[in-house]
Amino acid sequence: MDDTTKKIAESFHCIYTLFEKGSSPGIVEEAYKAAFERGKEDGFYPAIICLDEYAVDWLGEVVSNEYDREEIITGCKNNGRDILKERLEEYTEELEEKDWEDFIGEETEGEVLHEFSGYISFDDGLLEADTLLLEIPVKNPWEIIGYLPMGGWNECPMPEEMIAVCKYWYEKYKAVPAVFTHDVMEFYAPFRLNNMDSIEAAKEHYAFCPDRIDQGTRTYKVSELAAGLIESHVWYFWWD
């Protein structure tokens, strides 16, 4: 472990495990699932952070600025649903009724995700960079954002918005923020959609991250994403 990685790891003031670049990603996921179950008794939630060069710069800035974790945690509001509604209206305000119906679509097949992928290299299928599994000592999973304040650039929500959305999604779907890179965030959804409507869930995903449909589907339809979400245990978001 180099000095920069060690400094970042220790800045979280929690138990962590380091998986070196080039390791098997399956080992990381197995460790996450085990930590997730253990955390129910031990009072923590796990999170995975891939320390590519951009994430190192981001986290280094957070550490140097002494980011106030408690401020963002205690400032969390119950407005996650409203935030997503406003973002959806913003991204679709120019759609006429016919165009809106076409955007929803009638697809019945979509990609099903059961495994994390944000930390995997496209070149060799191994860990893209050194990766940390953190055991973050928070009572609620949305409070992870207080430790990993991602967002605020391009169309990625601000950290204050993200924590509210994470709270809303946990209360509605039991989904928890699990994987972070500099431009990817993945949720673990052990109950999948928790018996909630898939089209509404897909609309919320689009509001959170438009590229989830605009660049992450074959047909660019809400219904394609919705069809995949029904069976998925992992939610993937990437901000270009």
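Remember, predicted model here, so these are calculated numbers, not experimental data.
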Exercise. Side-chain heavy atoms under 4.5 angstrom apart, residues restricted to Ile, Leu, Val, Met, Phe, Trp, Tyr: same cluster for Met196 and Ile104?
Worked result: yes

Exercise. What is the distance from atom CH2 of Trp58 to atom CD1 of Ile8, rounded to the nearest 0.5 Å?
Worked result: 10.0 Å

Problem set entry | Ionic contact status for Glu171 with Lys167, cut-off 4.0 Å | yes

Exercise. Roughly how far, to the nearest 0.5 Å, is the CD1 atom of Ile48 from the OH atom of Tyr32?
Worked result: 7.0 Å

Exercise. Going through the checks in order, is the side-chain contact (heavy atoms from CB on, under 4.5 Å) test met by Glu111 and Thr217?
Worked result: CA-CA 8 Å; Glu111 184 180 18; Thr217 61; over 6 Å; no

Seminar exercise, completed: For Ile213 and Ala202, the nearest pair of non-hydrogen atoms, with its separation, is CD1-O, 4.4 Å

For this session: Please tell me if the side chains of Thr131 and Leu18 come closer than 4.5 Å, counting only heavy atoms from C-beta onward.
Result: no

For this session: First locate atom NE2 of His13, then atom CD of Glu10, and finally report the distance between them rounded to the nearest 0.5 Å.
Result: 9.0 Å

For this session: State the NZ-OG1 distance between Lys7 and Thr5, to the nearest 0.5 angstrom.
Result: 12.0 Å

For this session: Please check if Phe12 and Ile15 belong to a single hydrophobic cluster, counting links between Ile, Leu, Val, Met, Phe, Trp and Tyr side chain heavy atoms closer than 4.5 Å.
Result: no

Problem set entry | Sole candidate of Arg87, Lys85, Lys172 that passes salt bridge (charged side-chain N to carboxylate O under 4.0 Å, His left out) when paired with Glu204 | Lys172

Exercise. Below 4.5 Å, heavy atoms only, C-beta onward: do Tyr119 and Pro25 meet side chain to side chain?
Worked result: yes

Problem set entry | Closest non-hydrogen atom pair, Ser198 against Ile230 | CB-CG1, 3.7 Å

For this session: State whether a side-chain donor-acceptor pair under 3.5 Å links Glu106 with Ser223.
Result: no

For this session: Taking the side chain as every heavy atom from C-beta outward, state whether Met162 and Cys156 have any pair of such atoms under 4.5 Å apart.
Result: yes

For this session: Taking atom types as modelled, find out whether Thr181 and Asp183 have a side-chain donor-acceptor pair closer than 3.5 angstrom.
Result: yes

For this session: Before giving the answer on salt bridge (charged side-chain N to carboxylate O under 4.0 Å, His left out), spell out for Lys77 and Asp82 the whole-Å C-alpha distance, their side-chain angles and the decisive distance to 0.1 Å.
Result: CA-CA 11 Å; Lys77 301 178 181 178; Asp82 293 336; over 6 Å; no

For this session: Indicate yes or no for a side-chain donor-acceptor contact from Asp52 to the backbone of Ala55 under 3.5 Å, with no hydrogens or angles considered.
Result: yes

For this session: Would you mind checking if Glu128 and Lys21 are paired as a salt bridge, meaning a charged N to carboxylate O distance below 4.0 Å?
Result: no

Exercise. So does Glu89 have more than 12 non-hydrogen atoms from other groups sitting under 6.0 Å from CD?
Worked result: yes

Seminar exercise, completed: Taking every heavy atom of Ile72 against every heavy atom of Ile163, the minimum-distance pair comes out as O-CD1, 3.6 Å

Exercise. Do the side chains of Trp153 and Phe180 join up, straight or via other hydrophobic residues, at under 4.5 Å, putting them in one cluster?
Worked result: yes

Problem set entry | Verdict with reasoning, Trp239 to Met150, per side-chain contact (heavy atoms from CB on, under 4.5 Å) | CA-CA 11 Å; Trp239 292 271; Met150 181 181 182; 3.9 Å; yes

For this session: Evaluate the side-chain contact (heavy atoms from CB on, under 4.5 Å) criterion for residues Phe237 and Phe187: first the C-alpha distance (whole Å), next the side-chain angles of each, then the deciding distance (0.1 Å), finally the verdict.
Result: CA-CA 9 Å; Phe237 301 97; Phe187 284 72; 3.6 Å; yes

Exercise. Nearest heavy-atom pair of Tyr173 and Phe191: which atoms, and what distance?
Worked result: O-CB, 4.3 Å

Problem set entry | Main-chain N/O of Gly228 paired to Ser232 side chain as donor or acceptor, under 3.5 Å | yes

Exercise. Between Ile83 and Pro157, is any pair of side-chain heavy atoms under 4.5 Å apart?
Worked result: no

Problem set entry | Trp142/Trp169 aromatic ring centres below 6.0 Å | no

Seminar exercise, completed: Value for CD1 (Ile144) from OH (Tyr45), rounded to nearest 0.5 Å, stands at 8.0 Å

Problem set entry | Backbone N/O of Asp240 and side chain of Asn154: donor-acceptor pair under 3.5 Å | yes

Exercise. Should Leu132 and Leu51 be marked as a side-chain contact (heavy atoms from CB on, under 4.5 Å) after you check the CA-CA gap, both sets of side-chain angles, and the distance that decides it?
Worked result: CA-CA 8 Å; Leu132 294 173; Leu51 297 177; 3.8 Å; yes

Problem set entry | Near-ring test Trp235/Phe208, centroid separation under 6.0 angstrom | no

Exercise. Looking at Cys14 and Leu134, what are the two nearest heavy atoms and their distance?
Worked result: SG-CB, 4.1 Å

Exercise. In terms of heavy-atom contacts, does CD of Gln215 have more than 12 from other residues, nucleotides or ligands at under 6.0 Å?
Worked result: yes

Problem set entry | Atom CD of Glu41 with >12 non-hydrogen neighbours under 6.0 angstrom | no

Problem set entry | Donor-acceptor contact below 3.5 Å, side chain Glu107 vs main chain Thr219 | no

Exercise. Does the pair Glu29/Lys33 count as a salt bridge with the N-to-O cut at 4.0 Å?
Worked result: yes

Problem set entry | Whether over 12 other heavy atoms sit under 6.0 Å from Asp3 CG | no

Exercise. Of all heavy-atom pairs between Gly152 and Pro159, which one has the smallest distance, and what is that distance?
Worked result: N-CD, 4.3 Å

Problem set entry | Asp124 (side chain) donor-acceptor with Leu126 (main chain) under 3.5 angstrom | yes

For this session: Please examine the side chains of Leu88 and Leu84, heavy atoms only from C-beta on, and report whether any two atoms are closer than 4.5 Å.
Result: no

Exercise. Donor-acceptor pair, Asn140 side chain versus Glu143 backbone, under 3.5 Å?
Worked result: no

Problem set entry | Glu161 side chain vs Met158 backbone, donor-acceptor pair below 3.5 Å | yes

Exercise. Taking side chain as C-beta onward, heavy atoms only, is Leu148 less than 4.5 Å from Leu59?
Worked result: yes

For this session: Check whether any side-chain heavy atom of Phe19 sits under 4.5 Å from a side-chain heavy atom of Asp130, and report yes or no.
Result: no

Problem set entry | Expected output: side-chain Glu224 to main-chain Arg218 donor-acceptor under 3.5 Å | yes

Exercise. Are Tyr188 and His233 near enough that their ring centres are under 6.0 Å apart?
Worked result: no

Exercise. Is the CG atom of Asn195 crowded by more than 12 outside heavy atoms at less than 6.0 Å?
Worked result: no

Seminar exercise, completed: Rounded to the nearest 0.5 angstrom, the CG-OH distance for Asp214 and Tyr206 is 4.5 Å

Exercise. Val176 and Tyr168: same hydrophobic cluster, using ILVMFWY side-chain contacts below 4.5 Å?
Worked result: yes

For this session: Find out if a path of hydrophobic residues (ILVMFWY) with successive side-chain heavy-atom gaps under 4.5 Å connects Tyr220 to Leu225.
Result: no

Exercise. Got a sec: does the CD of Glu20 have more than 12 other heavy atoms crowding it under 6.0 Å?
Worked result: no

Exercise. Quick one: does Tyr91's side chain get under 4.5 Å of Glu155's, heavy atoms only?
Worked result: yes

